[in-house]
Amino acid sequence: MLNFGRARSQSRSNRSMSLGGMEYPDPKRKNSFVGKILLAATLTAICIIMLKQSPSFNTTSSFSLHEAGVTHVLVTGGAGYIGSHAALRLLRDQYRVTIVDNLSRGNLGAVKVLQELFPEPGRLQFIYADLGDPKSVNKIFSENAFDAVMHFAAVAYVGESTLHPLKYYHNITSNTLVVLEAMAAHDVKTLIYSSTCATYGEPEKMPITEETPQLPINPYGKAKKMAEDIILDFHKNSDMAVMILRYFNVIGSDPEGRLGEAPRPELREHGRISGACFDAARGIIPGLKVRGTDYKTSDGTCIRDYIDVTDLVDAHVKALEHAQRRKVGIYNVGTGKGSSVKEFVEACKKATGVDLKVDFLPRRPGDYAEVFSDPSKILRELNWSAQHTNLKESLQVAWRWQKAHRDGYGTNPLVTSS
């Protein structure tokens with residue numbers, strides 16, 4: 001019989017030896033342990049060397065470098081309705097684009113569409129951040145080499161602004177100041193500012209020119225005018241190129257059906273009339289509410305200048321192309337033609353093929369009777385004019401997207417509340 005017990009006891013002779021209550025490590029075991037450490041260190045060093053030799057390791061991001069022949073544009077609010085369409089146009093025109101958005105009004109789905117269309121490295125990046133946080137904004141500017149900023153990010157509903165004015169002054173005026181300070185600190189020299197005809201208020205004369213006095217009558221318009229004033233005051237002692245675009249009522253969507261307007265459900269009540277028309281046509285709401293029928297207009301309803309989003313982003317690109325250091329350009333962006341709300345509703349009925357139920361209600365606070373532009377200055381100086389001026393056709397394009405995207409872009413996983 002084999003003596004397994006003895007063999008086991010003998011195998012333990014390799015363990016540490018005890019003498020007088022003290023433990024003495026076996027020198028052979030110590031050498032083995034040190035050898036393993038040296039082997040691990042050697043392998044780690046080899047891995048590091050191999051990784052450093054790899055082109056994908058420790059390379060500087062193309063977004064952090066200025067590159068000859070490439071214009072890197074920061075698009076704030078680029079996940080929103082207008083901002084996403086602007087980003088699409090910029091990418092199509094070979095600009096490098098960084099979108100910054102907190103998704104409180106924008107849609108991550110729009111960003112994903114853009115990422116799928118332009119997947120090449122160095123074309124598009126999305127940064128989830130709030131412009132109300134100066135540290136975050138400064139970090140973004142310090143880590144990226146921007147050549148220009150298109151500043152769209154803003155809450156933008158007249159009715160909501162009368163209910164929550166402080167929100168509008170923070171979001172529009174204060175956040176614009178944060179962006180402007182970051183641009184100054186990091187030597188970004190071109191700003192295209194998205195403003196609004198709401199800064200004019202309710203002018204006595206039509207059409208509105210760029211010299212029409214700015215007398216806003218609601219917090220949205222007031223906040224935008226304050227932001228404009230800050231930009232203009234800063235520019236007096238700056239060599240920055242500034243373009244301010246005051247645009248009118250935006251409609252339509254990408255003609256190829258890639259992007260559209262998808263406001264958050266809780267904001268539908270404050271949203272654009274086109275969104276309300278589509279909601280009524282889809283049965284999401286029982287009918288269309290027209291607020292105000294006693295204005296001093298031909299049919300008693302408000303008159304507005306409706307600009308197609310495709311034309312609007314074209315104006316922004318033209319402004320970027322024509323921006324000049326130490327100069328400010330201020331332009332109205334509209335069609336030059338006014339349409340009443342009743343006329344708009346009839347166009348929407350034809351575009352959707354649905355005989356919408358219409359309820360006529362009292363005026364909405366902060367609204368004005370008649371607003372349409374004189375776009376002759378932007379035609380003269382930037383060679384821009386609206387090309388999509390048929391209401392029914394613009395609404396048909398938007399309606400196609402709405403029908404194909406009944407839930408819009410879906411939910412924003414990064415956002416739980418406004």
Side-chain angles (χ1 to χ4, degrees), residues 69-78 80-99 114 118 123-124 146-154 179 183 188-197 199 207-211 224 227-228 231-232 235 239-256 259 305-337 372-390 394 397:
V70 178
T71 302
H72 184 185
V73 183
L74 167 61
V75 180
T76 70
Y81 169 45
I82 300 169
S84 62
H85 282 77
L88 174 61
R89 171 62 188 274
L90 289 168
L91 289 161
R92 193 191 75 187
D93 289 358
Q94 301 303 311
Y95 287 87
R96 176 173 291 153
V97 174
T98 293
I99 290 173
L114 295 172
F118 302 95
R123 296 300 315 283
L124 169 67
F146 299 126
D147 298 298
V149 175
M150 280 192 183
H151 184 30
F152 292 99
V179 171
M183 290 182 68
V188 180
K189 293 297 186 182
T190 302
L191 172 63
I192 314 300
Y193 183 61
S194 168
S195 192
T196 172
C197 64
T199 63
I208 294 173
T209 71
E210 288 78 2
E211 283 68 47
K224 282 287 189 178
E228 282 192 22
I231 293 167
L232 295 174
H235 186 268
D239 62 349
M240 187 179 289
V242 172
M243 300 292 243
I244 295 173
L245 303 185
R246 297 172 184 158
Y247 47 83
F248 289 66
N249 295 69
V250 188
I251 59 172
S253 62
D254 170 45
E256 296 184 39
L259 298 170
D305 189 340
Y306 296 99
I307 176 75
D308 192 287
V309 68
T310 301
D311 287 329
L312 179 60
V313 299
D314 183 54
H316 281 77
V317 173
K318 288 278 178 66
L320 179 59
E321 293 170 348
H322 286 80
Q324 298 180 49
R325 291 278 184 93
R326 298 181 177 84
K327 291 189 177 181
V328 176
I330 299 175
Y331 302 98
N332 289 335
V333 185
T335 66
K337 181 181 71 173
F372 62 95
S373 69
D374 174 358
S376 58
K377 181 182 177 184
I378 193 170
L379 173 62
R380 183 172 65 251
E381 296 186 6
L382 304 188
N383 194 31
W384 177 92
S385 63
Q387 302 300 306
H388 303 82
T389 58
N390 185 296
S394 290
V397 170

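Heads up: numbering here begins at 1 and tracks the sequence.
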### Tyr95 side chain reached by Asp147 side chain, heavy atoms, under 4.5 Å
no
- Message: Distance alone, cut at 3.5 Å: any donor-acceptor contact between the side chains of Tyr247 and Ser194?
- Response: yes
### Query
Would you say Asp374 and Ile208 make side-chain contact, with heavy atoms under 4.5 Å?
no
Worksheet entry | N/O donor-acceptor pair under 3.5 Å between His235 side chain and Ile231 backbone | no
No-hydrogen, no-angle side-chain donor-acceptor test under 3.5 Å, Ser394 and Asp308: yes
Q. Does the side chain of Pro255 reach to within under 4.5 Å of the side chain of Thr310, using non-hydrogen atoms?
A. yes
By side chain to side chain donor-acceptor pair (under 3.5 Å), Ser385 pairs with (sequence neighbours left out) Gln387
Quick note, salt bridge (charged side-chain N to carboxylate O under 4.0 Å, His left out) partners involving residues 83-93, not counting sequence neighbours, are Arg89-Asp93, Arg89-Asp314
Here the gap from Tyr306 atom OH to Ile251 atom CD1, rounded to the nearest 0.5 Å, amounts to 8.0 Å
- Message: Quick check: do Arg325 and Lys189 have side-chain heavy atoms less than 4.5 Å from each other?
- Response: yes
So do Leu74 and Val179 actually touch side chain to side chain, heavy atoms under 4.5 Å?
-> no
Nearest heavy-atom contact between Leu191 and Met240 is CB-SD, 4.1 Å
Rounding to 0.5 Å, atoms CE (Met243) and NZ (Lys327) come to a distance of 10.0 Å
Q) Under 3.5 Å, is there a donor-acceptor pair linking the side chains of Asp305 and Thr335? A) yes
* Return yes if a side-chain donor-acceptor contact under 3.5 Å exists between His388 and Asp311, otherwise no. => yes
His72 versus Thr98, side-chain donor and acceptor atoms under 3.5 Å = yes
The ring pair (Phe, Tyr, Trp, His ring centres under 6.0 Å) partners of Phe152 (sequence neighbours excluded) come to His316
Taken to the nearest 0.5 Å, the spacing of Ser84 OG from Ile99 CD1 works out to 7.5 Å
Here the pair of heavy atoms bringing Gly252 nearest to Tyr81 is O-OH, 2.5 Å
| task | Apply side-chain contact (heavy atoms from CB on, under 4.5 Å) to the pair Arg96 and Val73, showing each step before the final yes or no. | result | CA-CA 6 Å; Arg96 176 173 291 153; Val73 183; over 6 Å; no
Do the non-hydrogen side-chain atoms of Val333 and Trp384 ever get within less than 4.5 Å of each other?
yes
With sequence neighbours left out, the residues meeting ring pair (Phe, Tyr, Trp, His ring centres under 6.0 Å) with His151 are Tyr193
Taking every heavy atom of Val397 against every heavy atom of Asp254, the minimum-distance pair comes out as CG1-O, 3.8 Å
Rounding to 0.5 Å, atoms CD (Glu381) and CD (Glu210) come to a distance of 8.0 Å
Quick test of your reading of the model: are Glu228 and Arg246 salt-bridged, counting only N-O distances below 4.0 Å? yes
Residues passing the side chain to side chain contact (heavy atoms under 4.5 Å, CB included) test with Ala154, sequence neighbours excluded, are Asn171, Ile172, Lys224
Between Phe372 and Gly336 the two heavy atoms that sit nearest each other are CD1-O, 3.8 Å
In this structure, CD1 of Ile192 is separated from CD of Glu321 (nearest 0.5 Å) by 10.0 Å
Per side chain to side chain contact (heavy atoms under 4.5 Å, CB included), Met150 is matched among Thr76, Leu90, Ile82 by Leu90
Quick check against the 3.5 Å criterion: does Tyr331 have a side-chain atom that pairs as donor or acceptor with the backbone of Pro375?
no
Rounded to the nearest 0.5 Å, the OG1 atom of Thr199 sits from the CD1 atom of Ile330 at a distance of 9.0 Å
Ala87 and Leu114 have their tightest heavy-atom pair at CB-CD1, 3.8 Å
Taken in chain and number order and not counting sequence neighbours, the residues that satisfy salt bridge (charged side-chain N to carboxylate O under 4.0 Å, His left out) with Glu256 are Arg258
Val149 vs Val188 side-chain heavy atoms within contact, under 4.5 Å
yes
Side chains of Leu259 and Leu88: closer than 4.5 Å at any heavy-atom pair? yes
In short, Val75 meets Gly83 closest at the heavy-atom pair CG1-O, 3.9 Å
Can Asn332 and Ile378 be said to form a side-chain contact (heavy atoms from CB on, under 4.5 Å), step by step? CA-CA 7 Å; Asn332 289 335; Ile378 193 170; over 6 Å; no
